[in-house]
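Let me begin by presenting the structure, written as structure tokens, before commenting on it.
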Amino acid sequence: YALSGLKWHKTDLTWSIHSYPTSSVSQGMVDTLIAHALKAWSDVAPINFRRQQSDGSRGEGGGDIRVSFAKLLHNDGYPFDGEGGTLAHAFFPGLDEVSGDTHFDDHEIWSYGGDGSTTDLFTVAVHEFGHALGLSHSSSDPSIMRPYYQGPVEDIRKFKLELDDRLAIQQLYGARDNAETDQPGVGVDPDPPLFPSPPPRRPTKYPELSFNERCQGSFDAVANIRGEVFFFKGEHFWRTKRDGSLVSLRPALITNFWMGLPTGTKVDAVYERKIDSRIIFFIGSQYWVFKDTTAMSGYPRPLSDWKMRTQSGELVDRVDAAFIWAHNGKTYLFSGGQFWRFDESQNREGVIKEPDQQYPRTNDLWGGMPTHMDDIITWGEGDAYFFKDNFYWVLENGGINQEYVSPKSTSIDWLRCPAPPTTSTPEIPGNPKQCVCAF
Amino acid sequence: RASPDPNQYSRAVDWLSRYGYLPPPDPRTSKLQTKEGIEQAIRVMQRFGGIQETGLMDKETLKLMSTPRCSLPDIVGGEDMRRRRRRRKR
């Protein structure tokens, strides 16, 4: 449904009829049809309609909704067009003199339940009163607010608005207490309840993590998602923006943001797929594919979809790290000191992956990098960043087997932690006996 | 595919303008509608009316355009709002 943005700021509305059609419907029948058409709306919303006698003029009198039948130009700037074409119109609620006024084209042959050669006054009136109450045209089917003439209904005494129309009017005025929709199980209407009960309040729980937690490093997973870097640890994550600032010093609950992940677990690895920007989470022997922040249906799926076998032929049951190397656009998954390469530009929709041939290989091929990393991301000019404990190493774009890479502090450079007065130095991967004064 | 006759075409443009699918014509600038603009407007109209989206003035579309209806527009102030939003952004 669509709302005009205007509504009556009262629920007791008056209506009047200022002229009658020249076609064969009697005045009494017009009165009845108009009253029933208004009742369709007041049955489902707390609006009360009271008829006011017309003084016969187009002046101030006559109440809120003034009904008239007119031909061609009729002094409102919206002339009718003869038989067919446009049938009627109404003005949205408001303070203008014309607000709520409802005009029917008197060139139409108005009828009640007539055949295809006539126009049913009741259904057109229900539609127009929808406008007079603040509704715009709806593209939903079924809806009385569709712009096109829909023909007569079987019995106006049994007429009930469709769900789309009820939702629209109740959005503006609320639901009537005794409205059928408020009594689930009554009647045969299979529509869902109008406004589902809101879930119990979930006040924001601030994690009991200390300031040091963020600054201690040892993240379960690190991922570059849409240019922002996410640091996952336990049930929480921190997020740095493109400019390097933290969204918040406080961590966020993973399951409050990434909808569909299980609680009580920790994330092993995450990456954003290049071909379609889906986000892949690895937890234990399962993986999830996310569209934005919501898990897609059909997930989790077993890690065995990826067909990663160790050099001794066993299926891999967890992933340590995952990233897309900007150098070649390929996806790399790491587990237990070995890694596999995937070309995801193929097999877009399929869930079964095949690693490239000649994989796995051992992690020490990435010279100068930690062989058992926490996670890896591509960042900056396409450089690969390896994270381990509270340090990170940068492998320049396309480089592999760099002789020596100086580790830097993750907490200082990424998580806005103060530099400690003194610090121990990490082992240099591949050459643990050599010491480095990193800071 | 035969192109619609000019009268039919101009009536359809008039119809699309009247019900909010095309911006109203501006006599000061003699603004012409682009072919793509009209095609897009027809698509929106077809989507709104629940018929197949072809962007063409096909039989179904012409039938829907000739169906008696309410004279209020389906898209209220769409083009105006878009223009205003663009201006605000600038």
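Please read these numbers as outputs of a predicted model, since none were measured by experiment. Sequence lines set the chain letters: A, B, ... in the order given, protein chains first and strands last, and positions in each chain run from 1. Both backbone and side-chain heavy atoms feed into the values below; hydrogens, waters and symmetry mates do not.
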Less than 4.5 Å to any heavy atom of chain B: does that hold for the side chain of [X], its backbone, both, or neither?
| X | result |
| --- | --- |
| A/Glu108 | neither |
| A/Phe92 | side chain |
| A/Ser138 | backbone |
| A/Ala90 | backbone |

Closest non-hydrogen atom pair, B/Cys70 against A/His131: SG-NE2, 3.4 Å
Heavy-atom closest contact (A/Tyr148 atom, B/Asp74 atom, distance):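 Taking every non-hydrogen atom into account, OH-OD2, 4.4 Å.
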Just wondering, more than 12 heavy atoms not from [X] lying within 6.0 Å of its [atom1]?
| X | atom1 | answer |
| --- | --- | --- |
| B/Lys63 | NZ | no |
| A/Lys39 | NZ | no |
| A/Arg157 | CZ | no |
| A/Asp115 | CG | yes |

Derivation and outcome, side chain to side chain contact (heavy atoms under 4.5 Å, CB included), residues B/Phe48 and A/Arg146: CA-CA 9 Å; B/Phe48 201 102; A/Arg146 297 189 80 211; over 6 Å; no
Gap separating the NE2 atom of A/His137 from the CZ atom of B/Arg69, nearest 0.5 angstrom: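 Between A/His137 NE2 and B/Arg69 CZ, I get 5.5 Å after rounding to 0.5 Å.
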Residue-level contacts of residues 76-89 of chain A with chain B, using a heavy-atom cutoff under 4.5 Å: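 A/Phe80, A/Gly85, A/Thr86, A/Leu87, A/Ala88, A/His89 fall under the 4.5 Å cut-off.
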